[in-house]
There are 2 protein chains.
Amino acid sequence: MDRLGTIGKSRSVRPQTAADGVTAILREAIATGTLAPGAALRQDELAREFGVSRMPVRDALRYLEAEGLVAIHPTRGAVVAAMNAADIAELYALRELLEAEALRLSMQKQNPDSLRYAAGVIEQLDRETDVGRWGQLNREFHLALYRDCGNRRLLDLIEAQHTAADRYVRIVLSNLDYRERSQDEHRSMLFACMQGDEKAAVSHLTRHFRDACTALLDYMASRER
Amino acid sequence: MDRLGTIGKSRSVRPQTAADGVTAILREAIATGTLAPGAALRQDELAREFGVSRMPVRDALRYLEAEGLVAIHPTRGAVVAAMNAADIAELYALRELLEAEALRLSMQKQNPDSLRYAAGVIEQLDRETDVGRWGQLNREFHLALYRDCGNRRLLDLIEAQHTAADRYVRIVLSNLDYRERSQDEHRSMLFACMQGDEKAAVSHLTRHFRDACTALLDYMASRER
DNA sequence: TTTGGTATTCTCGTATACGAGTATACAGAT
DNA sequence: ATCTGTATACTCGTATACGAGAATACCAAA
């Protein structure tokens, strides 16, 4: 499991506490699948792995539990949360609901700065090849569109769903064809936003999610066999 | 601060861990206002208070942070999360979005058991005088209406928003008039659900939230002066 | 009097240690 | 051979201890 130790090294931002560092590394390991769903997360094992005591590891597990990435059973330990088709459907239905609302609210504010920024992110996405950073930029693009919605809680929830979806998203991102299709939809959304066409923007967003969701469900179904 | 020690005693369910117990007591203390917004939550002080070490207290603070009830600043300690008008508006806008969707999805399933249960809860609410238990039953009623929505994540999110709203709700619940008006709206919602009238049910739900939100904002505004 | 720097104290983050509960393996009985 | 009970080992929850960083108070200098 020495691979785990190297994953977090690439992050440029210095973690404020040891627990934050452990959290970031574990989150990444779960997202990439290095830690498979159902895998047991033993505190002292992880502590030895990271060269810290069990306390920061415990803290990290609590954070990840709150994010829905691990399941903690008192006195029985923690495991990586399961991945299944039902969860995908639920997650994407939720994202559609939350992000459509945020998009509507944001568009009413008509802030051109956010759209300019989003356009810049789209161009970066065109050049990006690394799956992890692509996901990061993808999140950045979406949040830019919602930034002006005026509801902090809504934005936090959207971010949380992104984090939960990340481990699923990476599956389809390895498919280059999906990334290109995704970018087409991004451009359509941005165009509709610049035009101030709320209905078109939301419908593109919806299609964007439906596409991703079916792509994922198809993959999961093929994986079953 | 000895009052804190007695609050949790009324709970019938035995906490599984010390941290769970501390979490429950602190949550209640924050909801009732015993711990005012902005109040510092010092780990060793709380530990002495509850007769435990700082570790369960730390765990509890992490849980409450995830619930949005406390804000933790690394190496600087935790404080009870602030309460303000902007947050109320955000919270209720969110609840409206989430619960309207859950209600729509649930009604499509047409499960009479849930509605029968909800009707029973309404009757219990008529007899309940204690503000804390009234809030509990209120949550129970709402969740009964959404139970069949088929989206576990959505339900969890709704519960989380209820928890976050609890400390606000208790303010208006002390007003008997509000409780009666609220019950009228509950009955209207349930009736619409039984009729299978989705539009009416959602519009009653919306009005229910708008009512509560304005009642709260009015109270906050009067409090400002 | 005000401002800047330093020292002290307080709180948190982390490490280590211990006790309790759970799972597992083995042995005995049916 | 299978099932059950007991003993052992393992993991977690909690307590205590220590070190680091931040806030504050105090003193000196302008």
ask   = Under 3.5 Å, is there a donor-acceptor pair between the B:Y219 and B:N175 side chains?
value = no
message = Could you tell me how far apart B:D59 (CG) and D:dG13 (P) are, to the nearest whole angstrom?
response = 8 Å
query = Rounded to the Å, how far apart are A:E65 CD and D:dG13 C1'?
reply = 15 Å
query = Over how many whole Å does the gap from B:E45 atom CD to C:dT11 atom P extend?
reply = 8 Å
request  = Look at all strands and tell whether B:I72 reaches a base, only sugar-phosphate, or nothing, counting heavy atoms closer than 4.0 Å.
outcome  = nothing
request  = Could you check how far CD of A:Q43 sits from P of D:dC10, rounded to whole Å?
outcome  = 16 Å
key: Pairwise side-chain contact, A:H208 with A:H142, heavy-atom cut-off 4.5 Å (strictly under)   = yes
query = Are any of the side-chain heavy atoms of A:L46 and A:V22 separated by less than 4.5 Å?
reply = no
ask   = Does a nitrogen or oxygen in the side chain of B:R76 sit under 4.0 Å from OP1 or OP2 of D:dA23?
value = yes
task = Take nucleotides 15-21 of chain D nucleotide by nucleotide from the 5' end and write B, S or -, depending on whether a protein heavy atom sits under 4.0 Å from the base, only from the sugar-phosphate, or from neither.
result = BBB----
message = Looking at C:dT11, I'd like to know if its phosphate oxygens (OP1 or OP2) sit under 4.0 Å from a side-chain N or O belonging to B:R42.
response = yes
request  = Apply the side chain to side chain contact (heavy atoms under 4.5 Å, CB included) test between A:R179 and each candidate in A:L173, A:V172, A:L125; give the one that qualifies.
outcome  = A:L173
inquiry  = In this structure, how many angstroms lie between the P atom of D:dC10 and the CG atom of A:L41, rounded?
reply    = 19 Å
inquiry  = Expressed as a whole number of angstroms, how long is the span from A:H73:NE2 to C:dA23:C1'?
reply    = 15 Å
ask   = When the distance from CG of A:L46 to C1' of D:dC12 is rounded to whole Å, what number comes out?
value = 13 Å
ask   = Once the angle between the rings of A:W134 and A:H186 is folded into 0 to 90°, is it parallel (under 30°), tilted (30 to 60°) or perpendicular (over 60°)?
value = parallel
remark   = note: B:L61, atom CG; C:dC12, atom C1'; distance rounded to Å ~ 11 Å
task = Start with the C-alpha distance between A:V80 and A:R167, add both sets of side-chain angles, then the distance that settles side-chain contact (heavy atoms from CB on, under 4.5 Å), and finish with yes or no.
result = CA-CA 12 Å; A:V80 178; A:R167 58 206 295 238; 3.5 Å; yes
ask   = Does the side chain of A:D20 pick up a donor-acceptor pair with the side chain of A:T17 at under 3.5 Å?
value = yes
